[in-house]
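Just so we're on the same page: letters track the sequence lines, and every chain starts at 1. Worth knowing before you read on, the calculation uses all heavy atoms, side chains too, and leaves out hydrogens, waters and symmetry mates.
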Amino acid sequence: MEQSNTPQLIELGRTRETILRDIPDGPDSCLTCGICSGRCMATGIDGFDTRKIVRMAMLGMEEELVGSRWPWICTMCGRCQYVCPMDIDILGLIRTIRSLRNQDDVPGNLHKGIMAALKTGNNFSIPKDDFILIMEDVAEEFAEEEGFQDFKFPLDKKGANVLCTVHGKLPFANTDDMKFWWKIFYAAGEDWTVPPENWEGVNWAIYTGNDEAMKTMVGRIVENMEKLEAKNLLLPE
Amino acid sequence: MATRLGLQKWFPDFFNKYGVYTVFDLMIKYIKEGRIKVDRSSHPELATYHDPCNYGRKSEMFFGHGYFKEPRWLMDQCCENWVDMYPNRHHQFCCGGGGGSWLTPYNKERVFCGRRKVDQIKATGAKLVVAPCHTCNDQLKKSLKKEYHLDDLEVKYLWEVVADAIVTA
């Protein structure tokens, strides 16, 4: 596996004021016990070590952490934090480190997807007309199955009991996987709906630490609830 | 989870105006109210359940309730024969695909992180693993299955298990 170029000599700069050291429930109470590292699936990849991350934050090594790929290898599963005897907010620390990276340098498709979502309302930039066509197509296919003949996809229905978002990957590439919930709703006789715009249920901004984008995306779900006068929200899968 | 977290943080009033269901609540409600009927014989093979970090451990940490019992109740209704992995619930191993890692170029690392999950599944001898979270499901079905040669393993969503177990009167 690729090795990062860790500098030989590093200025520890204990007096440097950094955002990371000052986050609430932050690294300053770390006992360096290492249970976090022992619980972690990523320990050892390219020297990855949760305890070191916490320690580096404490020592003010912000630049090194922000530039490192460590915070992006972490799967944010929380096994470390769950058992931390000092209740350090390790997930918050990882997310804050991620947020400090220039967002254009975020690895992979995370930031690109967020930008797409802000612009188009979904992570895969599916235009509204295409989305409606896809859903109608899949609904037609579904209605051909035994027992679902009168199924109609309840797009944009006012006053529904349950409003659902859609996981962007489903209309994009896994349309058959949408039918499971359709089948359950149909059998239960549920009165449900999906909004025609801003239907994305997945919020990638939680991973990059981009609070502004995260709030915008959540706010759109609230707007859809108001607009469609829905009674209940099914939290995204 | 991001949505619930965001609603709590920025739109707390939402919970006074609207009802909120998790996927678990809704499926359990339908079964308990008799609105759907499910048959355990739809899944006779040995199955196991993967607790996604977001629905389990992290829900407990962020919302004060982890969804551990609910999916297990649903498994009981829809599968004849299923066992837990070890460790499970709060201490469940991560599938390796979380935190956006599915979307970064660090694929080798993501597959490596999933090795313990694979060991855990193998140890159960299950032919079916149920993973509700979309990311866990992708990681298991589209990556780990191939990388670790789990050719005979079937991966399903929890709502897929419920949908497949529905019997129409």
Side-chain angles (χ1 to χ4, degrees), chain A residues 1-2 39 41-42 45-46 48 69 72-79 81-83 91 94 98 106-110 113 147 162 165 167 169-170 177 179-184 187-190 201-208 214-215 217-219 221-222 225 230-237, chain B residues 1-7 9-11 14 17-23 26-27 29-30 33 35-37 53 57-58 60-61 90-101 103-106 108-110 112-117 132-134 137-138 157 159-164 166 168:
Chain A
M1 265 168 225
E2 184 193 328
R39 296 259 298 178
M41 304 287 118
I45 300 176
D46 187 13
F48 186 101
R69 59 196 196 105
W72 303 94
I73 290 170
C74 164
T75 65
M76 298 172 108
C77 76
R79 270 176 56 88
Q81 187 172 335
Y82 193 78
V83 293
L91 290 169
I94 295 284
R98 288 184 176 196
V106 166
N109 296 324
L110 280 170
V162 179
T165 57
H167 191 301
K169 77 165 187 189
L170 298 179
D177 290 357
K179 295 176 187 165
F180 308 126
W181 268 109
W182 294 7
K183 194 175 170 185
I184 295 171
E190 186 58 271
V202 187
N203 200 324
W204 287 348
I206 195 169
Y207 301 137
T208 61
M214 186 169 153
K215 186 178 171 184
M217 298 283 292
V218 176
I221 295 177
V222 179
M225 288 291 289
K231 295 182 188 74
N232 301 286
L233 172 69
L234 176 61
L235 289 167
E237 296 159 13
Chain B
M1 202 190 79
T3 302
R4 188 168 175 186
L5 208 60
L7 287 172
K9 192 165 170 188
W10 297 301
F11 307 93
F14 185 89
K17 280 169 78 180
Y18 303 103
V20 167
Y21 288 117
T22 65
V23 287
L26 205 54
M27 287 188 281
K29 181 178 155 73
Y30 292 154
E33 289 177 356
R35 289 168 69 179
I36 60 174
K37 284 199 169 58
C53 311
R57 188 164 45 239
K58 281 161 79 174
E60 183 176 298
M61 282 157 62
H90 315 79
H91 300 295
Q92 185 75 257
F93 287 148
C94 168
C95 68
S101 66
L103 298 154
T104 70
Y106 306 132
K108 273 188 202 162
E109 291 80 352
R110 173 176 54 70
F112 180 77
C113 281
R115 71 201 182 283
R116 296 273 179 257
K117 186 86 253 160
C133 159
H134 279 278
N137 198 284
D138 277 349
Y157 295 102
W159 39 93
E160 181 175 359
V161 167
V162 172
D164 287 349
I166 290 179
T168 38

*Asks:* Among the options A:Glu190, A:Lys231, A:Met217, A:Arg39, pick out the one with the most heavy-atom pairs lying under 4.5 Å from chain B.
*Replies:*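 When all of A:Glu190, A:Lys231, A:Met217, A:Arg39 are compared, A:Glu190 has the most.
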*Asks:* Chain A heavy atoms under 4.5 Å from B:Glu60: which part of the residue, side chain, backbone, both or neither?
*Replies:*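 Contact with chain A is through the side chain of B:Glu60 alone.
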*Asks:* For A:Lys169, what residues pass the salt bridge (Lys or Arg N to Asp or Glu O under 4.0 Å) criterion, not counting sequence neighbours?
*Replies:*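 Salt bridge (Lys or Arg N to Asp or Glu O under 4.0 Å) check on A:Lys169 returns B:Asp138.
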*Asks:* If I compare all heavy atoms of A:Ala187 with all of B:Ile166, which pair ends up nearest, and what's the gap?
*Replies:*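 So the two residues come closest at CB-CD1, 3.9 Å.
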*Asks:* Less than 4.5 Å apart, side chain to side chain, heavy atoms only: is that true for B:Tyr21 and A:Leu235?
*Replies:*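 A side-chain contact is absent here, since even the closest heavy-atom pair is not under 4.5 Å.
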*Asks:* Under a 4.5 Å heavy-atom cutoff, which of B:Val20, B:Asn137, B:Leu5 has the most pairs with chain A?
*Replies:*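 Looking at each option in turn, the highest pair count goes to B:Val20.
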*Asks:* Is the closest side-chain heavy-atom distance between A:Ile73 and B:Tyr106 below 4.5 Å?
*Replies:*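 A side-chain contact exists here, since the closest heavy-atom pair is under 4.5 Å.
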*Asks:* Cation over ring, A:Arg79 on B:Phe93, under 6.0 Å and within 45°?
*Replies:*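 Output no; distance or angle outside limits.
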*Asks:* Is A:Val106 close to chain B through its backbone or its side chain, or both, or neither, when contacts mean heavy atoms under 4.5 Å?
*Replies:*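 For A:Val106, no heavy atom lies under 4.5 Å from chain B.
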*Asks:* Check the angle between the aromatic planes of A:Tyr82 and B:His91 and answer parallel, tilted or perpendicular using the 30° and 60° thresholds.
*Replies:*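 Taking B:His91 first and then A:Tyr82, their aromatic rings stand perpendicular (interplane angle over 60°).
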*Asks:* Return the option, out of A:Ile184, A:Val202, A:Thr165, A:Ile206, with the maximum number of heavy-atom pairs under 4.5 Å with chain B.
*Replies:*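 Counting heavy-atom pairs under 4.5 Å, the top option is A:Ile184.
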*Asks:* Using every non-hydrogen atom in the two residues, find where B:Thr3 and A:Pro236 come nearest and quote the distance to one decimal.
*Replies:*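 Closest pair (atom of B:Thr3, atom of A:Pro236, distance): OG1-CG, 3.4 Å.
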*Asks:* To check you understand the geometry: which heavy-atom pair defines the closest contact between A:Thr75 and B:Ser101, and what is its length?
*Replies:*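 So the minimum-distance heavy-atom pair works out to CG2-OG, 4.1 Å.
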*Asks:* Evaluate the side-chain proximity of B:Phe14 to A:Met225: yes if any heavy-atom separation is below 4.5 Å, no if none is.
*Replies:*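 Answer yes - side chains close enough.
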*Asks:* Report the option among A:Val83, A:Val222, A:Thr208 that has the most heavy-atom pairs separated by less than 4.5 Å from atoms of chain B.
*Replies:*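 Ranked by contacts with chain B, first place is A:Val222.
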*Asks:* Measuring only between side-chain heavy atoms, which start at C-beta, is A:Met41 closer than 4.5 Å to B:Lys117?
*Replies:*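 They are not in contact (no side-chain heavy atoms under 4.5 Å apart), so the answer is no.
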*Asks:* For chain A, which candidate among B:Arg116, B:His134, B:Arg35, B:Glu160 shows the most heavy-atom pairs at distances under 4.5 Å?
*Replies:*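 That would be B:His134.
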*Asks:* Between A:Ile94 and chain B, with a heavy-atom cut-off of 4.5 Å, which part of the residue counts as in contact: side chain, backbone, both or neither?
*Replies:*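 Interface part for A:Ile94: neither.
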*Asks:* Side-chain contact test, heavy atoms from C-beta onward, threshold under 4.5 Å: evaluate it for B:Met27 versus A:Trp181 and give yes or no.
*Replies:*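 Of all side-chain heavy-atom pairs linking A:Trp181 with B:Met27, at least one is under 4.5 Å.
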*Asks:* Pair A:Glu237, B:Tyr157 - check side-chain hydrogen bond (donor to acceptor under 3.5 Å, both in side chains), show working.
*Replies:* CA-CA 10 Å; A:Glu237 296 159 13; B:Tyr157 295 102; over 6 Å; no
*Asks:* Measure A:Ala230 against the heavy atoms of chain B and call it side chain, backbone, both or neither at under 4.5 Å.
*Replies:*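 Only the backbone of A:Ala230 comes within 4.5 Å of chain B.
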*Asks:* Sub-3.5 Å donor-acceptor pair from the side chain of B:Lys58 to the main-chain atoms of A:Met76, do we have one?
*Replies:*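 The answer is yes, because a donor-acceptor pair under 3.5 Å joins these two groups.
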*Asks:* If you measure from CG on B:Leu103 to CG on A:Leu110, what distance do you get to the nearest 0.5 Å?
*Replies:*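 The CG atom of B:Leu103 sits 5.0 Å away from the CG atom of A:Leu110.
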*Asks:* Report the distance from atom OG1 of B:Thr22 to atom CG of A:Leu234, rounding to the nearest 0.5 Å.
*Replies:*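 Nearest 0.5 Å value for the OG1-CG distance: 8.0 Å.
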*Asks:* Could you look at B:Arg110 and say if it's the side chain, the backbone, both or neither that has a heavy atom under 4.5 Å from chain A?
*Replies:*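 For B:Arg110, no heavy atom lies under 4.5 Å from chain A.
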*Asks:* Go through the steps to decide whether A:Leu91 and B:Met61 satisfy the test side chain to side chain contact (heavy atoms under 4.5 Å, CB included), and finish with yes or no.
*Replies:* CA-CA 11 Å; A:Leu91 290 169; B:Met61 282 157 62; 3.8 Å; yes
*Asks:* Go through the steps to decide whether A:Asp46 and B:Glu109 satisfy the test side chain to side chain contact (heavy atoms under 4.5 Å, CB included), and finish with yes or no.
*Replies:* CA-CA 9 Å; A:Asp46 187 13; B:Glu109 291 80 352; 5.9 Å; no
*Asks:* I'd like to know which of A:Phe180, A:Phe48, A:Trp72 tops the heavy-atom pair count under 4.5 Å against chain B.
*Replies:*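 The candidate making the most pairs under 4.5 Å is A:Phe180.
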*Asks:* Checking B:Tyr18 against A:Asn232 for the side chain to side chain contact (heavy atoms under 4.5 Å, CB included) test, could you report, in this order, the C-alpha distance in whole Å, the side-chain angles of both residues, the deciding distance, and whether it holds?
*Replies:* CA-CA 5 Å; B:Tyr18 303 103; A:Asn232 301 286; over 6 Å; no
*Asks:* For a quick test of reading the model, state the closest non-hydrogen atom pair linking B:Pro105 to A:Gly108 and the distance between them.
*Replies:*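 For B:Pro105 versus A:Gly108, the nearest heavy atoms are CD-N, 3.5 Å.
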*Asks:* Which residues satisfy the side chain to side chain donor-acceptor pair (under 3.5 Å) test with B:Arg57, sequence neighbours excluded?
*Replies:*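 B:Arg57: no side chain to side chain donor-acceptor pair (under 3.5 Å) contacts found.
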*Asks:* As an exercise, state the distance from CH2 of B:Trp159 to CG of A:Asp177, rounded to the nearest 0.5 Å.
*Replies:*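 Going from CH2 on B:Trp159 over to CG on A:Asp177, the span is 10.0 Å.
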*Asks:* Measuring from A:Leu233:CG to B:Leu7:CG, what's the distance to the nearest 0.5 Å?
*Replies:*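 A:Leu233 CG to B:Leu7 CG: 7.0 Å, rounded to 0.5 Å.
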*Asks:* Minimum heavy-atom separation for B:Ile36 and A:Ala188, please, with both atom names.
*Replies:*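 Smallest interatomic distance, heavy atoms only, reads CG2-N, 3.6 Å.
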